[in-house]
Amino acid sequence: MSPVRSILLALAASTVSTRAIPILQPTDVLRLDSDGSFKLSIFNDLHFGEAEDTLWGPEQDAKSVKVMNSVLDSENTTGLVVLNGDLITGENTFLQNSTKYLDAVVAPLVKRRISWASTYGNHDSDFNLSREAIFAEESKYSLSRTKNMVPASDAGVSNYYLPVYGQDPAVPEFLLWFFDSRGGNYFQQKSATGQPVPQPNWVSQSVVDWFTETRSALEKKHKRLVPSVAFVHIPSNAMAAFQATGVDAHREPGIDDDNPLAQQGSASGQGNVSGAVFSYNGQDIPFMQALLDTKGLKAVFSGHDHGDDWCFRWDSKLKGMNLTGNGLDLCFGRHSGYGGYGSWTRGSRQVVLKKGDEDVETWVRLEDGTVSGRVTLNGTYGQDSYAAVTS
Ligand SMILES: *[C@@H]1O[C@H](CO)[C@@H](O)[C@H](O)[C@H]1NC(C)=O
Ligand SMILES: *[C@@H]1O[C@H](CO)[C@@H](O)[C@H](O)[C@H]1NC(C)=O
Ligand SMILES: *[C@@H]1O[C@H](CO)[C@@H](O)[C@H](O)[C@H]1NC(C)=O
Ligand SMILES: *[C@@H]1O[C@H](CO)[C@@H](O)[C@H](O)[C@H]1NC(C)=O
Ligand SMILES: *[C@@H]1O[C@H](CO)[C@@H](O)[C@H](O)[C@H]1NC(C)=O
Ligand SMILES: *[C@@H]1O[C@H](CO)[C@@H](O)[C@H](O)[C@H]1NC(C)=O
């Protein structure tokens, strides 16, 4: 071994022993912390690359980087960052360099050697930007854990799962599921009249089929229930149906300013994605059914609606829906980026999973270092009273 290499190895080893974040190799799996917990920080709706030929566009991205750094300074034991959609605002980017913004998004993570996993959002697909190209750019980084496990042409890209291991090398302690809710416009396509060509904005049937098959195969292989959580950019109809019944400021603390919220498939009369009307024909019912059928699935995290960041327990048949919730928790994250609409204080939803513990701890770390909407998704979530969230 060369002296330089041995110094580098020693440095790497000392970094591992003094820092919570290990230096990752591409082949490293996700692992529980020594106390049996696993912590995630979710950044959704970063919207890099807006108005890039102006002064305020790049300034806005610099502010989003500050948000990420501030959150990760406070949440310095996070084990994984989830970029939960709308990493880039594709409407504003140029063909020749649209994926360069991905490098800007992940730069704070690369600097800290924190690995990440993405789902793509509706703004990650547009005439000058494709999710395939973002994925190719992400894949250059050994710290990226984003995968594409569903080759179907209508599936979108970011559909995959990641296992999180404890002591047992054969059976993971948790599974993390990632789904692509598509949306936005197809890359380099124009209609006969010169209009952008919109992509459906819900999780496709091909992905639902892959999910149910893979889930069954994993259940057989592991021979015991492995608890899981899931991430998808656009929320499902259940969140809209719940919001229509009233989000309680104390039982579901969080901002609730996007009302009615925008959901997968768009509700009838509200949906108008880039000029194409997707009336809600229950397009996300198979996806919601598959989520409900997943034993051990604790919670699903979405972004998309920048003005909403509450969690609710889906434990009943909601008005206007045929599916009956079984206690699954559905949560929004906090708008993290300075790009995209809205001026709510930026922040990032934190999630703590603990081995052998049914409960999920979650809160929003705001850019100013404070904590907002800390709740425990336990047996009485939805009945417990918390302080209301004011900003
Ligand atoms: C992309 O190209 C545009 C137009 O030339 C330029 O304004 C912008 O700074 C470039 N962005 C990056 C990230 O290279
Ligand atoms: C990690 O963050 C906590 C507060 O959230 C702080 O007390 C501690 O000093 C930080 N540790 C490092 C190594 O930055
Ligand atoms: C796409 O990029 C090209 C080349 O930079 C640019 O001329 C064009 O305005 C962009 N189109 C859209 C719809 O953003
Ligand atoms: C949808 O949007 C297009 C253009 O943005 C508009 O012309 C059309 O009237 C809208 N349709 C509905 C039903 O809102
Ligand atoms: C509920 O089921 C009934 C009977 O199958 C069907 O007619 C109706 O469209 C469904 N509604 C929704 C919102 O899925
Ligand atoms: C759930 O957590 C809340 C907040 O910590 C607590 O008040 C409540 O008693 C807990 N419920 C159960 C069943 O542990």
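Keep in mind that this is a model prediction, so the values were computed, not measured. In each ligand, atom 1 is the first atom listed, and ligand 1 is the first ligand listed.
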Worksheet entry | Backbone of Lys66 reached by a side-chain donor or acceptor of Ser70 within 3.5 Å | no
Response to the item:
Ranked by distance from atom 5 (O) of ligand 6, the top protein heavy atom is Thr376 OG1, 3.6 Å
Discussion item. Within the structure, is a non-hydrogen atom of Tyr386 found at a distance of less than 4.0 Å from ligand 6?
Written reply: yes
Worksheet item: How close does the nearest protein non-hydrogen atom get to atom 13 (C) of ligand 3, and which residue and atom is it?
Response: Phe127 CD2, 4.0 Å
Item to complete: Could you tell me whether a side-chain N or O of Asn201 sits under 3.5 Å from a main-chain N or O of Arg182, the two making a donor and an acceptor?
Response: no
Discussion item. How far is atom 1 (C) of ligand 3 from the closest protein heavy atom, and which atom is that?
Written reply: Asn128 ND2, 1.5 Å
Worksheet item: When you look for heavy atoms under 4.0 Å from ligand 3, do you find them on the side chain of Leu95, its backbone, both, or neither?
Response: both
Practice prompt. Below 4.0 angstrom from a heavy atom of Asn76, which ligand 2 atoms are there? Numbered from 1 as shown, please.
Written response: 1 (C), 2 (O), 3 (C), 8 (C), 10 (C), 11 (N), 12 (C), 14 (O)
Discussion item. Geometry only, no angles: is Arg365 polar-contacting ligand 2 at N/O separations under 3.5 Å?
Written reply: no
Item to complete: State which residue, out of Phe178, Trp177, Phe179, fulfils the side chain to side chain contact (heavy atoms under 4.5 Å, CB included) condition with Tyr160.
Response: Phe178
Practice prompt. Kindly say whether the aromatic ring centers of Trp116 and Phe43 come within a distance under 6.0 Å.
Written response: no
Practice prompt. Please could you name the atoms of ligand 6 that Asn378 approaches to less than 4.0 Å, counting only its heavy atoms?
Written response: 1 (C), 2 (O), 3 (C), 8 (C), 10 (C), 11 (N), 12 (C), 14 (O)
Worksheet entry | Pairs satisfying side-chain hydrogen bond (donor to acceptor under 3.5 Å, both in side chains), at least one member in residues 54-65, at least two apart | Glu50-Gln60
Practice prompt. If you have a sec, work out which protein heavy atom is nearest atom 11 (N) of ligand 6 and how many Å separate them, to one decimal?
Written response: Thr380 OG1, 2.7 Å
Worksheet item: So His306 and Tyr341, would you call those rings parallel, tilted or perpendicular, with 30° and 60° as cut-offs?
Response: parallel
Worksheet item: With a cut-off of 4.0 Å, which atoms of ligand 3 are near a heavy atom of Gln96?
Response: 4 (C), 5 (O)
Fill in: Partner of His123 under side-chain hydrogen bond (donor to acceptor under 3.5 Å, both in side chains), chosen from His304, His233, Glu91
Glu91
Worksheet item: Would a search of protein heavy atoms around atom 7 (O) of ligand 3 find one under 4.0 Å away?
Response: no
Worksheet item: So does Gln289 have more than 12 non-hydrogen atoms from other groups sitting under 6.0 Å from CD?
Response: yes
Fill in: Sub-4.0 Å atoms of ligand 2 with respect to non-hydrogen atoms of Asp73
2 (O)
